[in-house]
Amino acid sequence: MGLIQIDLFTTLDGVAQAPGGPDEDTDNGFAFGGWQAPLLDEVVGGQIDAGMAGMDALLLGRRTYDIFAGYWPHAHGDIAELFNRLPKYVASRQTPALEWAHSTLLGPDVVAAVRDLRDRYADIHVIGSLNFVQTLLAERLFDRLNLWVYPILLGGGKKVLAGGVVPTNLRLIEPVVASPKGAVLHRYALAEGTPGVGDMSADMSAGGQKG
């Protein structure tokens with residue numbers, strides 16, 4: 001069974017709307033499209049490139065697919081070459097024409113379709129696709145969460161972890177990586193069970209008695 005990796009970029013206050021450019025997503029008057037661009041550096045670029053090693057399929061929501069399909073077929077470089085040749089699977093409630101080469105629309109039962117893809121590919125990546133990601137989070141239908149956190153506060157916008165979040169344990173699988181401009185990469189694996197609870201006051205009291 002293959003891995004499903006979710007790759008997301010967020011500000012420190014959890015905003016993930018339109019990191020790539022001004023016109024990417026202006027819903028609700030969002031005025032900070034392209035907020036990620038000033039914070040890119042060699043460390044971020046190198047880690048993003050390294051994270052794509054082994055990728056053999058792309059899984060995208062409709063909005064992100066449209067953005068990618070409008071850009072990558074006309075771009076050059078290693079990422080463009082990779083994205084253009086990979087099979088791409090698109091989650092949408094409609095039936096859009098998918099003109100980017102090697103693109104396939106998932107059926108109406110998206111959850112079942114994604115589980116089928118996991119059996120067919122070794123390393124599937126979901127990039128952006130905020131609305132679609134909420135479905136994967138709700139179903140715990142992912143294996144890795146690769147989260148870039150950037151040192152800015154925007155105060156409003158679509159959240160990286162929104163309506164799909166359910167109680168879930170994650171496990172940090174690598175030391176965090178910090179870039180010169182302050183971006184921090186966290187790589188998590190899905191873990192068994194749900195978060196536990198305890199009583200810190202009882203623990204502190206016991207510790208005080210021992211002292």
Side-chain angles (χ1 to χ4, degrees), residues 1-9 16 19-20 46-148 160-174 185-194:
M1 184 171 66
L3 296 177
I4 296 175
Q5 303 205 46
I6 299 176
D7 303 325
L8 293 172
F9 309 98
Q47 287 291 324
I48 290 173
D49 289 345
M52 293 181 182
M55 182 191 306
D56 59 356
L58 272 173
L59 181 57
L60 304 169
R62 170 68 186 283
R63 185 191 290 268
T64 298
Y65 174 84
D66 286 345
I67 293 168
F68 280 18
Y71 176 78
W72 289 113
H74 315 290
H76 302 281
D78 292 342
I79 294 178
E81 180 181 344
L82 175 66
F83 283 4
N84 288 327
R85 68 174 171 79
L86 283 181
K88 292 161 279 284
Y89 296 90
V90 185
S92 176
R93 295 183 179 89
Q94 301 173 333
T95 55
L98 304 179
E99 298 180 356
W100 191 9
H102 316 300
S103 297
T104 302
L105 184 67
L106 296 178
D109 189 342
V110 171
V111 172
V114 172
R115 290 197 172 107
D116 177 66
L117 292 178
R118 187 191 250 167
D119 291 333
R120 295 167 54 192
Y121 296 98
D123 192 8
I124 304 166
H125 281 246
V126 185
I127 302 175
S129 308
L130 284 181
N131 290 336
F132 175 49
V133 162
Q134 304 311 310
T135 298
L136 300 180
L137 294 174
E139 296 290 334
R140 294 169 53 91
L141 189 51
F142 67 97
D143 302 284
R144 300 285 188 270
L145 175 61
N146 306 312
L147 186 66
W148 278 103
V160 64
L161 303 174
V165 175
V166 296
T168 301
N169 284 329
L170 300 174
R171 176 172 55 87
L172 189 68
I173 56 175
E174 295 179 7
L185 171 61
H186 306 76
R187 294 191 188 276
Y188 295 104
L190 181 67
E192 293 291 332
T194 56

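All values reported here derive from a predicted model rather than from experimental measurement.
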Rounded to the nearest 0.5 Å, what separates atom [atom1] in [X] from atom [atom2] in [Y]?
X    : Y    : atom1 : atom2 : result
L3   : H125 : CG    : NE2   : 8.0 Å
I79  : D49  : CD1   : CG    : 5.0 Å
L141 : L136 : CG    : CG    : 5.5 Å
H186 : L8   : NE2   : CG    : 13.0 Å

### Query
Do you know the tightest heavy-atom contact between I127 and S129?
O-OG, 3.0 Å

## Note on the structure
Of all heavy-atom pairs linking G128 and V133, the shortest is O-CG2, 3.3 Å

### Summary
Across all chains, not counting sequence neighbours, the ring pair (Phe, Tyr, Trp, His ring centres under 6.0 Å) partners of Y89 are Y121

So do [Y] and [X] actually touch side chain to side chain, heavy atoms under 4.5 Å?
X    : Y    : value
V160 : F9   : no
T64  : F132 : no
F68  : K88  : no
Q5   : V126 : no
D143 : I4   : yes
V114 : E139 : no
L117 : L106 : yes

## Note on the structure
Residue set satisfying salt bridge (Lys or Arg N to Asp or Glu O under 4.0 Å) with E174, at least two apart, ordered chain then number -> R187

### Contact list for residues 103-112, test side-chain hydrogen bond (donor to acceptor under 3.5 Å, both in side chains), sequence neighbours left out
Y65-S103

Tabulate below the donor-acceptor pairs under 3.5 Å that side-chain atoms of residues 69-77 make, not counting sequence neighbours, or state none.
none

### Message
Tell me whether the count of non-hydrogen atoms from other residues, nucleotides or ligands lying under 6.0 Å of CG in D78 goes above 12.
### Response
no

Please report, to 0.1 Å, the donor-acceptor pairs under 3.5 Å made by any side chain of residues 161-172, with sequence neighbours excluded.
{"unit_1": "T168", "atom_1": "OG1", "unit_2": "V166", "atom_2": "O", "d": "2.8"}
{"unit_1": "N169", "atom_1": "ND2", "unit_2": "E192", "atom_2": "O", "d": "3.0"}
{"unit_1": "N169", "atom_1": "ND2", "unit_2": "T194", "atom_2": "O", "d": "3.1"}

Identify each donor-acceptor pair in which a side-chain atom of residues 54-62 lies under 3.5 Å from a protein atom, sequence neighbours left out, and give them as a table.
{"unit_1": "D56", "atom_1": "OD1", "unit_2": "D123", "atom_2": "N", "d": "2.9"}
{"unit_1": "D56", "atom_1": "OD2", "unit_2": "A122", "atom_2": "N", "d": "2.8"}
{"unit_1": "R62", "atom_1": "NE", "unit_2": "D66", "atom_2": "OD1", "d": "3.3"}
{"unit_1": "R62", "atom_1": "NE", "unit_2": "D66", "atom_2": "OD2", "d": "3.0"}
{"unit_1": "R62", "atom_1": "NH1", "unit_2": "Q94", "atom_2": "OE1", "d": "3.4"}

